[in-house]
Every structure is written in C-alpha cells, then in structure tokens.
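Let me begin by presenting the structure, written as structure tokens, before commenting on it.
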Amino acid sequence: MRYASISEAGGREINEDSIMVKKIDDVCCFLVADGLGGMKGGQMASNIAADTILEAFKINPEVSYEALYSCILTAYNKLIKLKQENIEFSK
C-alpha cells in the first residue's frame, strides 16, 4: 500500500495539524488531527490526540464504529484531563 499526505499551515506561522498512519497486520488507521490554529496548546493537543488514538488502535486494531468511537473517546478524555490540570490551556 502506498499513500501520501499534504498539510498546510493555513495562513499561520506553524502547522499544528498531525497526520499519522499505523498498520497492524491487514488493518490500517489513517489519522488526521486538526490543531485548532491559534488556540493555546493547539499543536500539543493535536499531537496528544493523534498519539492517544494510535495507542488505543494498537490495543484493539479493529475496524468498527465501536472501536473508532472508543479510540476517539480515549483521546478526548485525555485532552479534557490535560486541560483541567493545566489552567493555561483553558484560556
């Protein structure tokens, strides 16, 4: 399998987007996490979301609504916890 990705900063100095791919056996996870350009911690949030989703995918490399929802929910909960623990990301 071959793939390519392109991401642009969209008029900002830094591209906060994350693009990642993980293949386990015959199952692939293609992931794009938008960095919410300009938001405090946007690049870090994008990276954490992407890394967390791929880690969850490694544990359960399944293609289904439930598996995808579980991966995204895991990342969401991690980001909410990070925001609660670091008040500077709430502004």
Side-chain angles (χ1 to χ4, degrees):
M1 174 187 331
R2 295 183 342 187
Y3 60 89
S5 64
I6 298 173
S7 180
E8 295 181 8
R12 302 200 183 275
E13 284 186 33
I14 299 172
N15 186 347
E16 297 181 348
D17 301 342
S18 295
I19 300 173
M20 299 180 182
V21 177
K22 182 68 180 173
K23 182 177 185 227
I24 299 176
D25 298 323
D26 290 337
V27 182
C28 292
C29 179
F30 293 88
L31 181 118
V32 177
D34 185 45
L36 299 174
M39 298 292 289
K40 210 167 206 179
Q43 183 175 17
M44 183 172 44
S46 171
N47 289 332
I48 289 170
D51 288 340
T52 303
I53 289 169
L54 289 184
E55 285 300 316
F57 176 74
K58 284 184 200 177
I59 294 167
N60 184 23
E62 178 185 323
V63 178
S64 70
Y65 171 84
E66 292 80 13
L68 177 60
Y69 182 82
S70 176
C71 289
I72 293 170
L73 185 61
T74 300
Y76 173 79
N77 288 332
K78 188 169 188 172
L79 290 171
I80 291 298
K81 184 176 180 186
L82 177 70
K83 184 176 176 182
Q84 291 169 344
E85 293 172 351
N86 297 281
I87 194 70
E88 68 270 15
F89 297 133
S90 297
K91 298 176 183 176

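Below, all heavy atoms of this structure are taken into account, side chains as well, without hydrogens, waters or symmetry copies.
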Check the pair L82 / K78 against side-chain contact (heavy atoms from CB on, under 4.5 Å), numbers first and verdict last. CA-CA 6 Å; L82 177 70; K78 188 169 188 172; 5.8 Å; no
What is the distance from atom CG of N77 to atom CD1 of I72, rounded to the nearest 0.5 Å? 12.0 Å
If hydrophobic clusters are built from ILVMFWY residues whose side chains come within less than 4.5 Å, do Y65 and L73 share one? yes
Please say yes or no: joined through hydrophobic side-chain contacts below 4.5 Å, possibly via intermediate residues, are Y3 and V63 part of one cluster? no
side-chain contact (heavy atoms from CB on, under 4.5 Å) between L31 and I19: does it pass, once the steps are laid out? CA-CA 6 Å; L31 181 118; I19 300 173; over 6 Å; no
Evaluate the criterion side-chain contact (heavy atoms from CB on, under 4.5 Å) for residue pair C29 and V21; output intermediate values, then yes/no. CA-CA 6 Å; C29 179; V21 177; over 6 Å; no
If you measure from CZ on F30 to OG on S5, what distance do you get to the nearest 0.5 Å? 10.0 Å
Return the set of residues passing side-chain contact (heavy atoms from CB on, under 4.5 Å) with S70 (not counting sequence neighbours), or none when no residue passes. T74
Apply side-chain contact (heavy atoms from CB on, under 4.5 Å) to residues D51 and M20 and explain how you reach the verdict. CA-CA 8 Å; D51 288 340; M20 299 180 182; 3.1 Å; yes
Using every non-hydrogen atom in the two residues, find where A75 and A49 come nearest and quote the distance to one decimal. CB-O, 3.8 Å
I need the C71 SG to L54 CG distance, nearest 0.5 Å. 8.5 Å
Counting distance only, does the side-chain N/O of S46 pair as donor-acceptor with the main-chain N or O of S18 below 3.5 Å? yes
Which pairs, with at least one residue in residues 55-64 and sequence neighbours excluded, count as a salt bridge (charged side-chain N to carboxylate O under 4.0 Å, His left out)? E55-K58
